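Heads up, the thing below is written out as structure tokens.
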Amino acid sequence: MARSNEPAVWSLFAGGGALTALILPVHALALTILLPLGVIEADSEKLVAFLGHPLFRLYMFVLALLGLFHGAHRLRFTLIDLGLHALATPITWLCYGGATIGSLVALWVAVSF
Amino acid sequence: MADETIILRVLRYRPEQDSEPTFQEYEVPYRKDWVVLDALNWIKEYKDGTLSFRWSCRMGVCGSCGMMVNGRARLTCNTFLREFYPNPITVEPLVNFDIERDLVICMDPFIEKLKRVKPWIIREDVKPVEDGPYEQSPAELYRYKQFSMCINCMLCYAACPVVGLHPEFIGPAALALGIRYLLDSRDQGWDERMEEVASHDGVWGCTFVGECSEVCPKHVDPAAAIQQGKVMATLDWFKRLLMPRGQR
Amino acid sequence: MRRPYRRPMPKTWWLKHPHYTLFMLRELSAVFVIYFALWTVCLVQRAGQGAEALSRFLQTMKGPGWILWHLIGLAFVLLHTYTWFATAPKVMPVRRGAEKVPDGVIIAAQWIVLLIVSVIFVVLLAATT
Ligand code: SF4
Ligand code: FES
């Protein structure tokens with residue numbers, strides 16, 4: 001049987017898994033919960049500067065790229081395991097296609113800031 | 001005390017008369033030092049000589065007595081009745097395999113999968129016997145030793161949902177064995193073995209549920225072997241991508 | 001006589017044992033990884049529209065529904081982190097000669113790195129804003 005080209009997506013899955021495991025807990029807690037609640041106080045102007053800093057935009061893009069491919073890879077297998085075996089090919093295209101589009105949007109947002 | 005009993009619900013399937021499997025209950029003497037296999041042998045001896053099941057060593061070595069005990073894949077020769085007493089015990093043939101008869105499963109697909117990973121040392125240059133063995137250091141041995149402890153009991157196949165969902169999946173034990181040879185310093189069959197191990201039916205079928213390693217009676221940890229196989233296959237894939245043929 | 005009997009695999013196989021259910025929840029964490037990644041893209045996009053747009057965005061996110069949703073997401077992300085760290089020593093075992101570095105050491109090391117990274121993240125955020 002032929003070797004699979006799975007490593008192309010698996011390496012993105014693994015990289016994304018490692019990055020998100022490390023950073024997403026604090027990322028989600030600080031940005032999506034503590035910041036809106038005002039527990040972390042931020043001046044809007046300074047916050048814009050922080051989020052618009054090239055390093056943060058680079059981080060946002062890497063997080064989107066790896067996070068989306070990580071998620072797409074897992075979602076693909078989960079949907080198939082839940083009984084959608086017959087749709088394996090369209091599911092695969094949809095998952096990675098979605099991740100690609102999402103990453104391109106992230107790139108555009110990062111660049112056009 | 002001597003007349004304490006326990007109920008065994010056993011899945012029966014006699015292909016010449018049953019259209020589908022059905023449960024049959026047996027009342028069996030309860031002994032603290034009996035395992036499920038002892039109870040099955042007692043049934044066969046005193047109640048019903050037609051009950052079929054596989055066993056041999058009675059000491060967790062041969063790997064032939066694997067069955068579903070209360071829904072879990074277990075070796076019946078080291079699963080004690082006292083773990084469940086006084087509740088009834090349900091005994092079924094290993095899932096994810098076809099039933100041949102009663103508790104006996106059809107293991108042909110497993111044997112075919114084992115063959116696919118070529119579980120033997122492949123050499124390009126075979127030394128004559130007079131030149132002695134292929135030497136290996138303890139460190140080289142320890143790289144794969146754990147993955148070579150498999151007794152082919154197939155419990156991991158019964159525990160693995162991917163085996164059930166995707167019957168072509170080579171599966172935990174056979175892949176662990178293939179990886180055991182990939183990690184063996186004496187082996188030179190990397191490329192031909194990778195064709196199977198790194199295929200769609202190989203390590204890439206695995207979604208790392210991890211249950212194979214939970215049920216393995218020999219602590220082979222096939223799930224770990226397969227994940228390491230994914231890393232090996234990935235590095236190999238990039239190597240092939242970056243390096244033109246012939247230079248590898 | 002041979003007439004092998006095939007048992008069908010139930011669609012609800014993942015409810016048959018807590019380990020399978022936990023596996024499904026772990027895989028489900030992917031939804032929130034995707035969600036938080038996209039949310040962050042939105043955040044930066046709003047920031048790009050200026051301080052006022054960003055304030056409005058954060059004001060919306062203050063709603064109890066959003067906070068609850070993000071707390072659920074955080075729980076799934078932590079499940080992802082926990083399971084990822086726990087399996088890392090299996091995927092990439094570290095060896096010193098013949099000895100394997102114990103799993104616990106590798107797992108603890110990853111949590112320590114997480115702690116350091118988290119502190120840096122919060123300090124950077126709090127100090128610059
Ligand atoms: S890997 Fe373990 S569970 Fe699987 S067949 Fe071998 S000994 Fe049995
Ligand atoms: S009878 Fe040999 S392993 Fe159980």
Side-chain angles (χ1 to χ4, degrees), chain B residues 11 13-21 68 70-73 92-102 104-109 137-143 145-146 159-167 207-211 213-215 221-231 234, chain C residues 1-34 76-110 113:
Chain B
L11 196 69
Y13 174 63
R14 287 142 297 194
E16 63 284 348
Q17 65 179 77
D18 300 339
S19 60
E20 55 179 45
M68 306 303 290
N70 282 0
R72 301 285 287 158
E92 296 164 82
L94 289 178
V95 296
N96 297 336
F97 291 96
D98 292 350
I99 306 177
E100 193 73 58
R101 167 184 298 275
D102 295 339
V104 176
I105 50 125
C106 173
M107 57 196 280
D108 305 356
S137 71
E140 287 167 335
L141 169 68
Y142 283 122
R143 288 184 68 205
K145 183 157 184 265
Q146 182 183 15
C160 175
V162 181
V163 172
L165 293 161
H166 172 53
T207 53
F208 203 177
V209 179
E211 198 57 9
S213 297
E214 297 290 323
V215 300
D221 204 348
I226 294 173
Q227 307 325 304
Q228 289 168 37
K230 287 180 188 172
V231 175
T234 301
Chain C
M1 178 183 145
R2 280 197 75 179
R3 195 157 60 82
Y5 184 84
R6 174 150 305 173
R7 287 162 289 177
M9 177 135 177
K11 280 239 158 47
T12 53
W13 61 269
W14 51 281
L15 291 171
K16 297 280 179 238
H17 192 275
H19 288 170
Y20 296 143
T21 312
L22 192 69
F23 159 77
M24 255 320 157
L25 290 175
R26 182 193 85 189
E27 299 303 286
L28 209 61
S29 71
V31 172
F32 289 95
V33 171
I34 294 172
F76 272 94
V77 165
L78 283 170
L79 176 68
H80 164 58
T81 300
Y82 175 82
T83 51
W84 192 270
F85 286 0
T87 50
K90 287 180 175 247
V91 184
M92 292 200 174
V94 184
R95 282 177 196 286
R96 285 227 186 92
E99 295 279 317
K100 224 174 91 181
V101 177
D103 288 3
V105 174
I106 301 179
I107 295 171
Q110 295 175 95
V113 174

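Since we're looking at a predicted model, the values are computed, not measured.
When heavy atoms are compared at a cutoff of 4.5 Å, L165(B) approaches chain C by way of both its backbone and its side chain. Proximity to chain B (any heavy atom under 4.5 Å) is shown, for Y5(C), by both the backbone and the side chain. Of the two parts of S137(B), neither the backbone nor the side chain holds a non-hydrogen atom closer than 4.5 Å to a non-hydrogen atom of chain C. In this structure, the portions of E20(B) lying under 4.5 Å from any heavy atom of chain C include both its backbone and its side chain. With a 4.5 Å cut-off on non-hydrogen atoms, R6(C) touches chain B through its backbone and its side chain both. If you measure heavy-atom distances from V209(B) to chain C, the contacts under 4.5 Å come from both the backbone and the side chain. Interface remark: D221(B) contributes side-chain atoms only to the contact with chain C (heavy atom separation under 4.5 Å).
Highest contact tally toward chain C, considering only D98(B), T207(B), D18(B), is held by D98(B) [criterion: heavy-atom pairs under 4.5 Å]. No other option in E211(B), Q227(B), E16(B) has as many heavy-atom pairs under 4.5 Å with chain C as E211(B). With chain C as partner, the option from V95(B), L141(B), N96(B) having the largest number of non-hydrogen pairs under 4.5 angstrom is V95(B). With respect to chain C, the highest number of heavy-atom pairs below 4.5 Å among A225(B), P93(B), G71(B), C106(B) belongs to P93(B). For the options I226(B), I99(B), V231(B), heavy-atom pairs under 4.5 Å to chain C are most numerous at I99(B).
Counting only heavy atoms from C-beta outward, the side chains of W13(C) and Y20(C) approach each other to under 4.5 Å. In this structure, the side chains of T12(C) and K16(C) come closer than 4.5 Å at one or more pairs of heavy atoms. Residues H80(C) and F32(C) fail the side-chain proximity criterion, which asks for heavy atoms closer than 4.5 Å. Residues P15(B) and R2(C) have side chains not in contact (no heavy-atom distance under 4.5 Å, counting atoms from C-beta outward).
For E92(B), there are no salt bridge (charged side-chain N to carboxylate O under 4.0 Å, His left out) partners, not counting sequence neighbours.
Environment of CD in E99(C): sparse, with no more than 12 heavy atoms of neighbouring residues, nucleotides or ligands closer than 6.0 Å. W14(C) CH2: 12 or fewer foreign heavy atoms inside a 6.0 Å radius.
Between the side chain of R7(C) and the main chain of F97(B), a donor-acceptor pair closer than 3.5 Å is present.
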